[in-house]
Structures are given as structure tokens and as C-alpha cells.
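Since the structure comes first, as C-alpha cells, the remarks are kept for the end.
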Amino acid sequence: MGHDSEESAATSNGGTAADGGHDISPPQGENRGDPAIEDTAAATKELGVHVEPSAPSQSSSTSRRLGDEHRPPLPPRPGTLDILKEGNHNTGGTSQRSKQSARPNLQSTATIALSRTDIHTQSYPDGSRETYAASAETTPPSKPAGVFGSIKRFKGLSGSEGGDSASVRSYAPTLEAGGDAESLLGEVLGASQEVPAWKLLSTQYEAPDPFDTFMFEDNEATVDFYREFDELRGGESGEQNEEQQLTQWQSKRKHFLILSSAGKPIYNRHGDDNLISGYIGMIQTIISFYEGANDHLKGFTAAGARFVIMSQGPLYLVAISKLGENDAQLRVQLEALYMQILSTLTLPTLTHLFANRASTDLRRPLQGTEPLLSALADTFTRGSPPTLLSALECLKVRKSQRQVINDTLLRTRCDTLLYGLIVASGRLVSVVRPRKHSLHPSDLQLIFNMLFEARGVKAGGGENWIPLCLPGFNKNGYLYMYVSFVSASEGHGEEPDDDRNETEHQDEIAVLLISANKESFYDLRTMKDTLVKELEKNDSMAIIKSAVRRGRPAATDIVPGTVLRHFLYKSRANVQFTMPSYEPHFTTLLDRRRLLSLYHTLHANVHAKNAHLKVQHCIRRESVSLAWVTPLFELYCVAGPHSTRNALAQSANKVVQWVRREEERVFIIGGAVF
Amino acid sequence: MTSRVSTGTRPGARFAQFKLVLLGESAVGKSSLVLRFVKDHFDDYRESTIGAAFLTQTISLDDSTTVKFEIWDTAGQERYKSLAPMYYRNANCAVVVYDITQASSLDKAKAWVKELQRQANENIIIALAGNKADLVADHPDKRAIATADAEAYAREAGLLFFETSAKTSENVRELFTAIARKLPLEQAGARNMRANPRQGVDLRPEAPGTQGGGACNC
């Protein structure tokens, strides 16, 4: 992202953050290519500066000016960072980067130097960052002697809390810098309003697309996102191959690593363990260095990537993101991965394995779980509203229709049933549960991920009997889940049709029956047969199928004539959310990722610990957005560029009214209880 | 026991239903064999089975005999091992699968055979399937287990034996047909004659308390 990426934004309490930006001295030459820090400026300034969005060319020059004047200084990048950076450089990095990679490559000090940089950022309040940068500038990046000293100083300074506050503070710089290229999203969000003059300006000033600021450095990196999910490929075997693969590994925007506290790799989203064993060792050293001092490392920033670390008993989970999510958001994602591991093993087994042998290789007991972890990781990389909001989405059907489905579930319930669910394309249709147990959203996320994101269960084409632990329900034992898919496109659901092999997994309806009794497969299977038959008899199945086929309504269907292009509405009491369809504005993977990145930013801002934000209005070149939080709901809406604040506010109100009106259709309230 | 045989609507027509379980090390191709048999379909890339999958397939042995398999396709991972008895208990037949390019997978298969012979229904029909035959068709050097060796073992242990390929469907149907032919149609038929094969099929042979592990309740 560029220095001048932040277009403008006005919020109800943007003052303090922006002030920080003003104190900062101008950047030092081309070196600002380091994205990590610039983003601080972007993130913070965004809150304070208000620019009228109506004249794009003007606003671009404004932002350009702002960027030039208030760009924060950059910290020096220690040698290791160059290692990480080489990937970027090779995959279309710019001149700024080649400069950096020319720096000495001292691996041994790197890990520590890296933390040291961080410490500085963390330890000082915004205003003093200048000092920090300057002093750091004079220090050679790889000077081993000073390293330990500085860490000690840091500890003395902030005590054991240091790690924590540090990670919070250093969040902002993680945001990725954008490049000088026209963005794809710009075309999506702002194509109609694009004027030639603006295009001219933007090329002249290399003004990046503000949406880019959240994730993409330059055009090639943008294209890279489409390769984000590809496997690492090497050409010839041998060293060259490995180098090639490492380059690809480094070009990924998001990584998840799971390792044991003894340093054994457990899971790694991209590439095989051997390839990155060096990094695993490095990260383990960094984490255990802090653990040794009983000072838990929670996160740090390096090479434009935010590292967030979660230590769970014998496991370290690490998220590395260049997508601009904040620590809390990444932590939720790590939590989900950890839950998946528990879901496979249960907590007692996990503890037992490591209690017996600290050096246990967990990959064996976890065998087969990797696709589930990867499906989660990919969902997070694509951007997932349920994860962001920690809430569920329900299929919209009439209240009376849902009542019929609930009653049918209750009527056909067999004795061994604990939970019964009907799920259509990842959205909950109906749930039956015992009065004293509710379902935990994180458990449902694991189940939905297994059924709708990972292909393993569905590809079998049969009925399934799956032992799994639902950690939210009870992390100590297994439950048994009967799963049967009913194709939404077929008239009859009993036997899934042969021809549906490559049909979109969107139109799948799943009947999930969960029991604590591992012998109850045939009971549940009989129940499912009766249930499906009954649902077909009382037309509920047809209703569900047509609701699935209908999909989500467009924002303009919900609020006619609205400027809104998309919104997320979370009902806090129900822990559920609803949203309109992504179409027509967000059709591609990249469009959606950008939309989700915007939501992540809004979410981060209104959830920041010290920001008592209730409403945030954020204006960018290609979007105008609003976050609105009350005790009852959270609403995030995005409108096209140049929408007026009034129109946006009006639409937001209409959305709230719509949800209130449709509450019992878009949400499941209570569900069927026995 | 889950086998059910009954006369169909036509005089002399017989219908039998049998429970079949697939066992074997992970990634030898159990699910692929089943998918080929049931849906005549093959996925080049398949994620591992989670838990177990339950499928059914009906085949005609001749004009008058129809056999329906209720197939339990189990996951090969070690952690699911403790659940295996649930699937092979009351099974009439089992297919134990190994990968002809992986020597260790035959050892695992032998262990399964031993367990079945000790724990499962004593009349259980076991077939040994050496899968991934397509891999050695072009590259004979990839083969890790000689056909003769496996065959000798199968003969000794009293197993049906096939080298199969779920990918090319080589010997897949043959495998299941051979099992069906070996199943005791007459025996079961004497006990379970019904007018409509679908009616009265007891889907709950494993209801808790009705039987002990490994015991046959027919």
C-alpha cells in the first residue's frame, strides 16, 4: 500500500488516533517500502481525517498530500526479514524491496532482532515512535550484542504485561501496504464513478487503491491471491526446486502453523514440514524464549506480516497474516483450529499424549484431520463472516414454516438423540435440542466446515457415522454424528443422485443427528428416514429446497433503492447474523476478500478495547461504509463510493427495521426444545 | 445377523441382504473401491474418510437372485480402531484392502484378518483385495507385494483374493460378486422368507443390549 492509501474517514471519535500521525516525521526516501509501519499511519489516520468523497480527483490529491506529510518513519529491517521478504521480491516486488533484500542476511540474530524491533514499537506510545525509528536507524540491524540488552530493558519497562500490551499496540502496523497499481476492487466498487482525470492522477501519483491498503501491495500480489490456495509446486528436483517452493511459500498471504511446545511440527497450511523446518525452529525458539521468561509472547510484526501466537497447553498455534486482520480476529481463527484438534482427539487424549511423551508427534494421531484444518484455514483466508462475527447464519424461511419443521423434528425424535439439525448450504434451518443444552456456535462452525467446506464426508456419497468431540459442548468426550445429505436440486432426497458429483456444494441439505451413544447409528438412520419422509409429506422439504435455490436476497431487495451493496447484521442475543447476497457487486474471490477485509477493519475499530465507538463512518475512494454497534446488534454496511452519509444512515436504519420485522424468519429463536 | 433373504414377487426370485465391512490401512483405497462399486465413479484426489460411511448396493447374481450389500466403509486411521468392532460385528462379509505398492499395508491387512477371524462372526467371508493395480501396470517396479505371495497367504488363511484397481475398475465388480456367490443364500433364505424384500428389514441389529460383542444373533 502506498503512503497515501488512506482516503479519508470520519468517525465519531477519531481524534486521538489521527493526532499520532501528525507528529510523525516524513518518511525516509524509498525505504518506506516496508509495509508494516506505514499501515499504522493508514489505520490510525483513517479515523481522523475527513475528506469529502464526492470529487475523486481532488480527494486523491488530498490523500496524496496527507500521505506525504504524515507518513510515519520506518523501522530498520533486520536481516532475517530479508529472508522472509525475498519471496515478495521475487514475486514481483518493487525496487524498494530489492534494496532491502540487499541487506546482510544474518539468520542467527534475526529472530531476536525481529522481536526487538517489535519491542520498540510496542513499548513507546505513538508520539515517540519517531525517536525509536531514528535510534534504530543508527543501530545496525544485526548487532547481536545489543539484542539481549534491549529485551531486558523491555522487560524491565513493562513487566510481564509487556507481551500483551505489545501485541495490541503493534497491531496497526501489520496492515499491508498497497502498491501503485490500479486495483481490481476499484473497478468493482467504483468503476462507474471512475473519471479519466482520476485515472490519470492515480497513475501519475502512483496513488494506490485504498481498498488495497488492507491487503495487497501491488498488482502482482493481487493476482497472487488467486494462487493463495494453490499447492506449492517445484520444477526440477533438488535445491533449485526447494528454493522455488520456498519462494512460493513466502508469497502466500496467510499461514497457519501448529507445532508442539517441543518444536515438532503438527500442521502447516502450505508446503511440507521439511521445507519450512527452519522457520518452525525459528518460531519455536522465539516463543520458548518468552515462555522461558514466563512472559508469553502473543504477537509481533515482521516483514509486513502479523504473527499471532496462541499457546494452548502443549501446542503452539501461529497465524501469520498479511491480510490486515487484527490480533483478536486472528486469535479467533487460531482458536477454531485448536477446537478442530480437540474435536478430533478430545482434551484428555491430547493432554495424555503429551504427558506421556513431550516429544510426541501429533501428526499421526491427527491423521486425516489435515483437510479439515486446511478447509478452516482457507475459509479464513477467503474471509468468513461467521468467524468474524462468531455467529451463525440461518436459512430464511417463514416462522410458521420453521415451526412445522421444528415440530416434525420433535415428533420424529428418537430416544438416543441429543441434537438434531437440518442445515442447508451452510445455513441452519432448524435445530432440536434438550432444554438444558444449547449449541455452541464454534461447535457448529466445526461441523459446517467438515460437511460443507472439506470434501471428504460428502464425496463418499453415502450416509456417515462420525465420532467427534464438540469442545463447546464437552471437550472431554466424543459424540457421534449421523450425517446424510439430501440434494436440494433433486425431487427426492432419500438416495443422493449419481449426477451431482460436481454440482455446487451450495445446494446441499444435510440432516445431522447427534447422539452420545456410539451404537445408535441405526436408530438415527431410521429417524432420518422418517423425518425426511414427513418433511416431504408436509411440504417442508420443498420449502427448504426453494429457499436454498432462491439464495440470499440482494441488498436492494431488502431495502429498495438502497445505496448499500452489502451488509452484515449480527443479533447479539441470538448469536446469529444475516446478510444479503454477495452478488452483483462481489462476485469474485478477490472482491469478497476485499469486502471482508473492510468488514474486518470496521469490526476491529468498533471492538478496539479503548475505543468506545458506537458508530463509525468510513469513507474511501471506492466505498463508503458504516459500523454501528448497540447492545442488541452489530451492523456493518458497505455502500458504493460517493454515497452520502445520510443515504447510508438511512439505509442502515432500514436494514435494522427490516431485521426487526423479519426477525423470526432470518433467525432461529429458541428452536425446538425437548 | 443382518442377512435377509426372501422371495421376490416372481416365483423363485430370491433377495438377500448382507452386511459388508471394509477394513485396511489408511489410504489404501477402501473408499475408492466402494465408490467404484456403488457409483461407478472415481476421484483422483480423495480426502480421508472421517468416521465411517454407510452405503448400499444391490447386484443381481442371476435372473432369480438379488443380493443387497450394506457396506460399512471405515476410516483407516489408527484412532478409529477402537470403533472397528462396531462395524464388523454381525458382518457377513469383509473386504480387507491393502495397497500393492506399500509393503506395510499387507501386514496391516493380515492383522485385520486375524482380528476378524478371532472376533467377528465365525462364518464371516473375508476377501483380500490388493488395490492400486493400475499403478503397476505401467511401472512394474512400483509393485511392493508380489501377487503370488499375497495369493499364497490368502489361500492359507482361507480368503478370497483379488488384485483390484478402483481407478480402472479392474476386478472391482468381480470381487463383490465373488463374495455374494460365496454367501450362504440358502441358509439365510430358510429363515427369512418374505414377500417384499424391503419390508421388515431390521435396521437395528445392533441395538444395545441385544447382543454381546462378536456373538451372532441369527
Side-chain angles (χ1 to χ4, degrees), chain A residues 231 343-346 349 353 363-372 374-375 414-416 447 450-451 453-468 478-484 494-502 517-529, chain B residues 2 19 21-22 25-27 30-58 69-87 89-90 198 201-211 213:
Chain A
E231 293 206 22
S343 175
T344 303
L345 294 175
T346 73
T349 312
L353 281 168
R363 273 173 309 183
R364 234 189 120 68
L366 277 180
Q367 206 179 36
T369 309
E370 205 161 288
L372 301 179
S374 293
C414 67
D415 294 338
T416 48
I447 295 176
M450 177 191 285
L451 301 183
E453 301 300 333
R455 307 287 303 167
V457 174
K458 224 171 346 160
E463 294 151 273
N464 297 273
W465 188 234
I466 299 170
L468 84 172
Y478 285 110
L479 293 175
Y480 299 86
M481 178 167 75
Y482 168 88
V483 183
S484 176
E494 283 227 31
E495 302 276 337
D497 200 87
D498 294 21
D499 304 329
R500 71 190 171 92
N501 42 1
E502 278 314 316
N517 181 349
K518 71 172 173 185
E519 305 277 349
S520 55
F521 172 84
Y522 291 96
D523 284 348
L524 298 179
R525 183 172 190 248
T526 313
M527 173 184 165
K528 175 239 140 189
D529 285 343
Chain B
T2 34
K19 181 173 161 183
V21 62
L22 274 101
E25 198 175 55
S26 72
K30 295 180 293 299
S31 300
S32 295
L33 277 177
V34 174
L35 195 65
R36 173 60 79 189
F37 176 54
V38 173
K39 313 235 172 203
D40 197 17
H41 180 72
F42 181 79
D43 285 337
D44 269 310
Y45 177 74
R46 248 195 98 94
E47 288 174 7
S48 4
T49 305
I50 302 169
F54 182 83
L55 299 97
T56 58
Q57 174 67 312
T58 307
F69 284 112
E70 289 189 336
I71 303 167
W72 273 112
D73 170 23
T74 64
Q77 283 97 27
E78 205 59 34
R79 68 170 175 280
Y80 293 116
K81 186 150 192 333
S82 62
L83 292 170
M86 195 166 86
Y87 303 117
R89 182 196 311 151
N90 307 315
R198 289 198 69 87
V201 169
D202 182 6
L203 292 171
R204 282 173 288 180
E206 295 191 337
T210 54
Q211 56 208 335

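The basis for the numbers below is simple: all heavy atoms, side chains too, and nothing from hydrogens, waters or symmetry mates. Chain letters run A, B, ... following the sequence lines, proteins first and then strands; every chain starts at 1.
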Cut-off 4.5 Å, heavy atoms of chain A, and the answer for B/Ser26 is side chain
Turns out that what part of B/Leu83 lies under 4.5 Å from chain A's heavy atoms comes down to side chain
For B/Lys19 and B/Arg89, the nearest pair of non-hydrogen atoms, with its separation, is NZ-O, 2.8 Å
Find out whether A/Leu524 and A/Trp465 are in side-chain contact, i.e. whether some heavy atom of one side chain is under 4.5 Å from a heavy atom of the other. yes
Interface check, chain A: of B/Ala53, B/Ala75, B/Gly76, most non-hydrogen pairs under 4.5 Å belong to B/Ala53
Under 4.5 Å to a heavy atom of chain B? For A/Leu468 that would be neither
Note to self: Is the shortest side-chain heavy-atom distance between A/Pro467 and B/Tyr80 below 4.5 Å?
What the structure shows: yes
Scored by heavy-atom pairs under 4.5 Å with chain A, the best of B/Val34, B/Leu55, B/Ile50, B/Thr49 is B/Ile50
Turns out that what part of B/Leu35 lies under 4.5 Å from chain A's heavy atoms comes down to side chain
| B/Tyr45 versus B/Glu47: any side-chain heavy-atom pair under 4.5 Å? | yes
Whatever's closer than 4.5 Å to a heavy atom in chain B on A/Met450 counts as side chain
Taking the inter-plane angle between the rings of A/Phe521 and B/Phe54 on a 0 to 90° scale, is it parallel (under 30°), tilted (30 to 60°) or perpendicular (over 60°)?
tilted
On a heavy-atom basis, the closest approach of B/Met86 and A/Lys518 is SD-O, 3.0 Å
Okay, A/Thr344 and chain B: the region with an atom under 4.5 Å from a heavy atom over there is both
